[in-house]
Asks: 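Attaching a single structure in structure tokens format; questions to follow.
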Amino acid sequence: MMNKPTNMDTSGVKPAASDFFGLGIVPKILDVLTRIKFQTPTPIQAKVIPLAIQGNDIVGIAQTGTGKTHAFAIPMVQCLARSGGSGVPITSGQKAGMGLVLAPTRELALQIDEAFRPVAHPFGIKTACLIGGASMYEQTQTLRRNPRVVIATPGRLIDHLERRNVALHDVIMVVLDEADRMLDMGFAPQVEKILSYVPKKRQTMLFSATMSHDIMAIAVRHMKLPVSVEMAPSGTTVETVTQELFIVRRETKLKLLDKLLARYPGAVLLFSRTKHNAGKIARSIREMGYTAAEIHSDRSLSQRREALDGFKSGRYKVLVATDIASRGIDVIGIELVVNYDLPDEAENYVHRIGRTARAGQKGHAISFATPDQSGTVRDIERIIRTSLPISRHSEIPPEQFTPAIQPARSAAIPWQGRALSRSWASKRNRSRFRRPGTRRI
Ligand code: ADP
Ligand code: MG
């Protein structure tokens with residue numbers, strides 16, 4: 001049965017919840033989304049929901065406020081509904097399947113429970129929220145009513161497990177929410193213990209704001225070839241980055257880079273689109289008289305480590321990287337990020353510039369776009385919801401800049417208006433960039 005949503009959003013352009021179509025969400029949940037007025041999936045929801053519905057293990061890296069809860073709540077309820085929910089009365093002998101969500105704090109567990117309820121309700125699926133500081137007795141009563149989603153902080157769940165108030169042998173899906181915080185709070189042993197009660201044959205999703213070695217270790221130990229979904233850091237990380245854009249022909253890029261490097265005494269992280277070009281750029285930079293190292297998939301692990309160590313210690317001024325290799329670069333004190341080539345995926349722009357201005361420091365990002373890349377620039381401006389100020393260099397002949405980019409810049413403005421009318425965008429009010437004045441160098 002395909003229910004077409006009947007409500008229209010205020011602009012009257014699209015049916016409500018239409019943007020959630022095509023993610024594989026069942027009509028009953030689409031109805032819920034319409035009712036709770038979610039019209040557009042957040043980026044992490046758009047990526048995670050279809051992958052999760054297909055049964056993948058997922059590592060999701062995203063900042064708070066990006067809508068992670070529904071990214072796992074929707075697939076979990078849908079999966080549980082398939083395994084004996086949806087109006088089918090659950091007899092005591094029947095294996096119905098359970099979902100387990102672990103969260104670091106009570107507040108977070110409560111919020112997750114609240115988000116779950118409306119989604120689970122149409123399927124008759126009940127939740128139990130097991131958190132410290134609340135009545136054991138009441139939680140025990142709730143557990144007797146066969147909840148099929150258990151949302152818990154690790155310590156309290158272990159209390160219930162040890163008292164045999166709850167069994168986890170029917171769990172078919174596990175979510176570790178804010179896994180980085182759980183580790184920071186010292187919950188690793190508890191999480192390990194809980195997972196030892198859960199069947200190995202299950203789906204696992206892990207969410208974290210950062211990807212650390214410890215998080216990787218959990219993923220490796222407890223997950224099956226997880227798909228990793230990394231979202232652009234929103235808000236704070238990029239708020240302190242100033243940005244500018246040069247329109248420059250391919251053959252003039254090196255000359256411009258030479259001028260720019262002279263301006264920035266500190267560490268420079270430079271992104272190249274291809275690994276082949278990364279090597280060439282690094283060589284050219286050395287010819288300019290600066291130290292440079294490369295980091296891309298053609299380099300061995302030890303070469304990459306040497307490059308990164310050398311960059312961190314100041315042995316290399318410039319680190320030339322491709323997007324694929326950039327994930328592990330967590331270096332504090334990068335003064336400048338240069339997008340020598342614009343990223344193929346606009347979202348990577350935010351990942352790249354997020355490498356500067358770490359830990360609240362100020363950073364600067366300079367991008368080179370060729371005159372034919374107005375479309376790519378527009379895509380980036382959509383994501384960052386601002387237009388990039390265009391700069392010129394006095395020694396780079398102005399005729400090398402073309403106004404071809406201008407229509408893209410103005411075209412970005414009506415989009416911004418639409419974006420802000422979307423409920424989640426306006427609610428969050430995120431990713432505001434400080435706009436630097438156009439810089440003359
Ligand atoms: P996170 O777990 O990433 O910090 P949450 O899942 O708590 O983020 O979501 C943040 C807020 O955004 C919540 O108030 C939630 O209800 C709201 N929200 C999430 N997804 C959407 C959406 N698609 N449309 C509108 N609001 C949303
Ligand atoms: Mg959350």
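Just follow the structure's listing: the first ligand is 1, and inside any ligand the first atom is 1.
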Asks: Are any of the N or O atoms of K68 closer than 3.5 Å to those of ligand 1?
Replies: yes
Asks: Without hydrogens or angle criteria, can the side chains of Q243 and Y349 be said to hold a donor-acceptor pair below 3.5 Å?
Replies: yes
Asks: I want to check something: taking the side chain as every heavy atom from C-beta on, are K275 and I295 in contact at a cut-off of under 4.5 Å?
Replies: no
Asks: Do you see a donor-acceptor pair shorter than 3.5 Å between the side chains of Y316 and E306?
Replies: yes
Asks: Pairs of nitrogen or oxygen atoms closer than 3.5 Å, one from F38 and one from ligand 1: do any exist?
Replies: no
Asks: Hey, which atoms in ligand 1 end up nearer than 4.0 Å to a heavy atom of T40?
Replies: 22 (C), 23 (N), 24 (N)
Asks: Less than 3.5 Å between some nitrogen or oxygen of Q45 and one of ligand 1, yes or no?
Replies: yes
Asks: Check for me whether the distance between the ring centres of Y340 and F271 falls short of 6.0 Å.
Replies: no
Asks: Identify, by atom number and element, the atoms of ligand 1 in contact range of T69, meaning under 4.0 Å from any of its heavy atoms.
Replies: 2 (O), 5 (P), 6 (O), 7 (O)
Asks: For this output row, return yes or no: ring centroids of Y197 and H169 closer than 6.0 angstrom.
Replies: no
Asks: Which atoms of ligand 1 sit under 4.0 Å from any heavy atom of F20?
Replies: 23 (N)
